[in-house]
Amino acid sequence: MADLSVNICGIDFKNPIIPASGVFGYGREYEEFYPLSELGGIATKGTTGQKRTGNLSPRIAETPAGMLNSVGLQNPGIDYFIQNELPNLLTKDTVILANIAGASVEECAEVAKKLDSTEVHMIELNISCPNVKQGGAAFGTSCEMAEQVTAAVRKATKKPLIVKLSPNVTSITDIAKAVEAAGADAVSLINTLLGMRIDIRTKRPVLRNNVGGLSGAGIFPVAVRMVWQTANAVKIPVIGMGGVNTGEDAIELMMAGASAVQVGMAVFTDPYAPIKIIHQMHDFLDENHISSVRDIIGTVQPW
Ligand code: SIN
């Protein structure tokens with residue numbers, strides 16, 4: 001069987017598949033389906049300084065090739081996470097990426113500082129949530145703000161720092177270069193694309209927040225394009241995500257330049273999706289006589 005292990009920022013992953021932040025909670029619901037140790041890693045739901053109740057409902061809507069969400073970073077707050085969720089996650093023999101967010105630079109730095117004294121393996125700083133008015137997209141759509149918040153979090157922690165980027169920008173490579181310069185050890189992309197649907201009978205937007213983030217198979221080509229461009233623009237590793245549904249999608253994203261792959265919406269339609277993807281990657285590599293998944297990273301040959 002092919003070797004699926006990868007190393008990102010000095011951290012060993014047994015395989016490159018990581019359920020994305022926000023679709024996997026803290027893993028408890030999925031433990032009923034399979035041992036979490038089968039996963040390369042787990043990105044936890046975005047955690048802020050204080051508990052957040054999130055946006056008003058409806059905040060999820062299906063679309064033909066995906067889903068719109070405007071959850072608004074609902075979470076129990078960093079202290080609760082550290083005391084009640086992280087200890088359980090750290091027993092699971094998989095890499096734990098604590099996803100963090102905040103309404104201000106100071107809040108992001110404070111959350112990172114609290115995590116610095118825990119055993120969490122990596123921090124993923126979300127500067128790309130389209131569903132909150134402060135922080136979120138505001139950080140991720142300006143090079144200056146992206147650099148400022150990354151530098152503050154970098155100062156607050158020695159943990160490997162991944163910065164999660166927004167696709168809702170003119171040039172994602174400019175933002176990637178800004179966070180690399182500010183001390184990010186890796187970038188992850190893409191977060192959701194800002195979208196909107198309207199119920200034509202009520203004339204109301206389907207989401208109470210009017211707009212929300214689009215994820216799912218429909219955004220996969222955008223993810224491939226942005227991962228490819230970013231991997232060619234920065235020296236730090238890129239973690240790819242956005243509409244991955246199959247092992248072949250994950251292979252494609254890695255050929256575009258991703259060192260690992262997060263799986264988002266697919267786990268809502270099939271909780272086993274990450275496990276199936278791992279098996280499908282094995283099948284592809286074995287069928288093509290590729291001994292290590294590392295050998296496919298960035299191997300796309302553009303015309
Ligand atoms: C949310 O909680 O609104 C989703 C987080 C995100 O898209 O970054």
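Treat the numbers as computed from the prediction; the structure is a model and nothing was measured. If you read the sequence from its start, that first residue is 1, and numbering goes on from there.
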Participant: Under a 3.5 Å distance rule, please check whether Thr94 uses its side chain to pair with a backbone N or O of Gly40 as donor and acceptor.
Facilitator: yes

Participant: If hydrophobic clusters are built by linking Ile, Leu, Val, Met, Phe, Trp and Tyr wherever their side-chain heavy atoms come under 4.5 Å apart, do Ile60 and Val23 end up in the same one?
Facilitator: yes

Participant: Whether the side chain of Asn15 engages the backbone of Glu38 through a donor-acceptor N/O pair (distance < 3.5 Å, no angle test) should be reported.
Facilitator: yes

Participant: Please examine the side chains of Asn69 and Arg59, heavy atoms only from C-beta on, and report whether any two atoms are closer than 4.5 Å.
Facilitator: no

Participant: Can you classify the ring geometry of Phe81 versus Tyr26 as parallel (below 30°), tilted (30 to 60°) or perpendicular (above 60°)?
Facilitator: tilted

Participant: For the residue pair Ile82 and Pro87, what are the closest heavy atoms and their distance?
Facilitator: O-CD, 3.2 Å

Participant: Under 4.5 Å between any side-chain heavy atoms of Ser57 and Arg208, yes or no?
Facilitator: no

Participant: Answer with yes or no whether the side chains of Ser5 and Asp12 bring together a donor and an acceptor at under 3.5 Å.
Facilitator: no

Participant: Return yes if some donor-acceptor pair links the side-chain N/O of Ser171 with the main-chain N/O of Val169 below 3.5 Å, else return no.
Facilitator: no

Participant: Kindly indicate whether the side chain of Ile290, heavy atoms from C-beta on, has any atom under 4.5 Å from the side chain of Phe284.
Facilitator: yes

Participant: Where is the tightest heavy-atom contact between Ala103 and Glu107, given as atom of each residue plus distance?
Facilitator: N-OE1, 2.8 Å

Participant: Are any of the side-chain heavy atoms of Met122 and Ile11 separated by less than 4.5 Å?
Facilitator: yes

Participant: Between Ser188 and Gln262, is there a side-chain donor-acceptor contact under 3.5 Å, judged purely by atom types and distance?
Facilitator: no

Participant: How long is the span from the CD1 atom in Ile175 to the OG atom in Ser142, to the nearest 0.5 Å?
Facilitator: 6.5 Å

Participant: Check the pair Phe13, Ile18 against side chain to side chain contact (heavy atoms under 4.5 Å, CB included), reporting the backbone distance first and the verdict last.
Facilitator: CA-CA 9 Å; Phe13 290 71; Ile18 305 163; 3.7 Å; yes

Participant: Looking at CD1 of Ile277 and CD1 of Ile251, how far apart are the two atoms once the value is rounded to the nearest 0.5 Å?
Facilitator: 11.0 Å

Participant: Would the distance check show the side chain of Asn245 and the main-chain N or O of Gly243 forming a donor-acceptor pair, the cut-off being under 3.5 Å?
Facilitator: yes

Participant: Got Ser21 and Lys164 here, is their nearest side-chain heavy-atom distance under 4.5 Å?
Facilitator: yes

Participant: Heavy atoms only: give me the nearest Ile100-Cys108 pair and the separation to one decimal.
Facilitator: CD1-O, 3.7 Å

Participant: Tell me the closest heavy-atom pair linking Val163 and Ala184, and the distance in Å.
Facilitator: CG2-CB, 3.7 Å

Participant: Looking at Val105 and Ala152, what are the two nearest heavy atoms and their distance?
Facilitator: CG1-CB, 3.4 Å

Participant: Decide if atom CD of Glu31 counts as having more than 12 heavy atoms of other residues, nucleotides or ligands within a radius under 6.0 Å.
Facilitator: yes

Participant: Please confirm whether the backbone N or O of Asn99 pairs with a side-chain atom of Thr44, one donor and one acceptor, at under 3.5 Å?
Facilitator: yes

Participant: If you look at every heavy atom in Pro302 and Trp228, which pair is closest and at what distance?
Facilitator: CG-CZ2, 3.7 Å

Participant: Quick check: does any side chain N or O of Asp249 sit under 3.5 Å from a backbone N or O of Thr246, one acting as donor and the other as acceptor?
Facilitator: yes

Participant: So with a 6.0 Å cut-off around NZ of Lys14, is the heavy-atom count from everything else above 12?
Facilitator: yes

Participant: Please report the interatomic distance CE(Met241) to OG1(Thr192), rounded to the nearest 0.5 Å.
Facilitator: 10.5 Å

Participant: Could you give me the CA-CA distance, side-chain angles and deciding distance for Arg52 and Val132, then say whether side chain to side chain contact (heavy atoms under 4.5 Å, CB included) is met?
Facilitator: CA-CA 11 Å; Arg52 287 178 63 101; Val132 294; 3.2 Å; yes

Participant: What's the separation between atom CG in Asn168 and atom OG1 in Thr141, rounded to the nearest 0.5 Å?
Facilitator: 8.5 Å

Participant: Say whether Tyr34 and Val261 are linked into one hydrophobic cluster, either directly or through other cluster members, by side-chain heavy-atom distances under 4.5 angstrom.
Facilitator: yes

Participant: Keeping Glu180 on the side-chain end and Ile236 on the backbone end, is there a donor-acceptor pair under 3.5 Å?
Facilitator: yes

Participant: Under a 4.5 Å side-chain heavy-atom rule over Ile, Leu, Val, Met, Phe, Trp and Tyr, are Tyr272 and Ile42 clustered together?
Facilitator: yes

Participant: Kindly work out whether a path of hydrophobic side-chain contacts (I/L/V/M/F/W/Y, heavy atoms less than 4.5 Å apart) joins Leu194 to Ile127.
Facilitator: no

Participant: Ignoring hydrogens and angles, tell me if any N or O in the side chain of Asp286 forms a donor-acceptor pair with the backbone of Ala2 under 3.5 Å.
Facilitator: yes

Participant: CZ of Arg28: more than 12 outside heavy atoms within 6.0 angstrom?
Facilitator: yes

Participant: Taking 4.0 angstrom as the limit, do Asp185 and Arg154 come out as a salt bridge?
Facilitator: yes

Participant: Stepwise, does the side chain to side chain contact (heavy atoms under 4.5 Å, CB included) test hold for Glu144 with Gln148?
Facilitator: CA-CA 6 Å; Glu144 291 72 28; Gln148 201 182 324; 5.7 Å; no

Participant: In the structure I gave you, are the side-chain heavy atoms of Leu39 and Tyr30 within less than 4.5 Å of one another anywhere?
Facilitator: no

Participant: Rounded to the nearest 0.5 Å, what's the gap from CE on Met226 to CD1 on Ile219? Could you check?
Facilitator: 10.0 Å

Participant: Consider only side-chain heavy atoms of I, L, V, M, F, W and Y, link residues closer than 4.5 Å, and tell whether Phe33 and Ile275 are in one cluster.
Facilitator: yes

Participant: Taking the side chain as every heavy atom from C-beta outward, state whether Ile296 and Leu285 have any atom pair closer than 4.5 Å.
Facilitator: yes

Participant: Please identify which of these residues, Val267, Val263, Thr269, meets the side-chain contact (heavy atoms from CB on, under 4.5 Å) condition with Met265.
Facilitator: Thr269

Participant: Between Lys114 (side chain only) and Gly49 (backbone N and O only), is there a donor and an acceptor less than 3.5 Å apart?
Facilitator: no

Participant: Going through the distances and angles, do Val6 and Arg294 end up as a side chain to side chain contact (heavy atoms under 4.5 Å, CB included)?
Facilitator: CA-CA 6 Å; Val6 292; Arg294 296 185 297 280; 4.1 Å; yes

Participant: Can you find a side-chain donor-acceptor pair between Asp116 and Thr157 that sits under 3.5 Å?
Facilitator: yes

Participant: How long is the span from the CG atom in Leu214 to the CG atom in Asn191, to the nearest 0.5 Å?
Facilitator: 11.0 Å

Participant: Would you indicate whether the side-chain heavy atoms of Arg197 and Leu68 approach each other to under 4.5 Å?
Facilitator: yes

Participant: With distance as the sole test, does Asn55 use its side chain to make a donor-acceptor pair with the main-chain N or O of Asn131 at under 3.5 Å?
Facilitator: yes

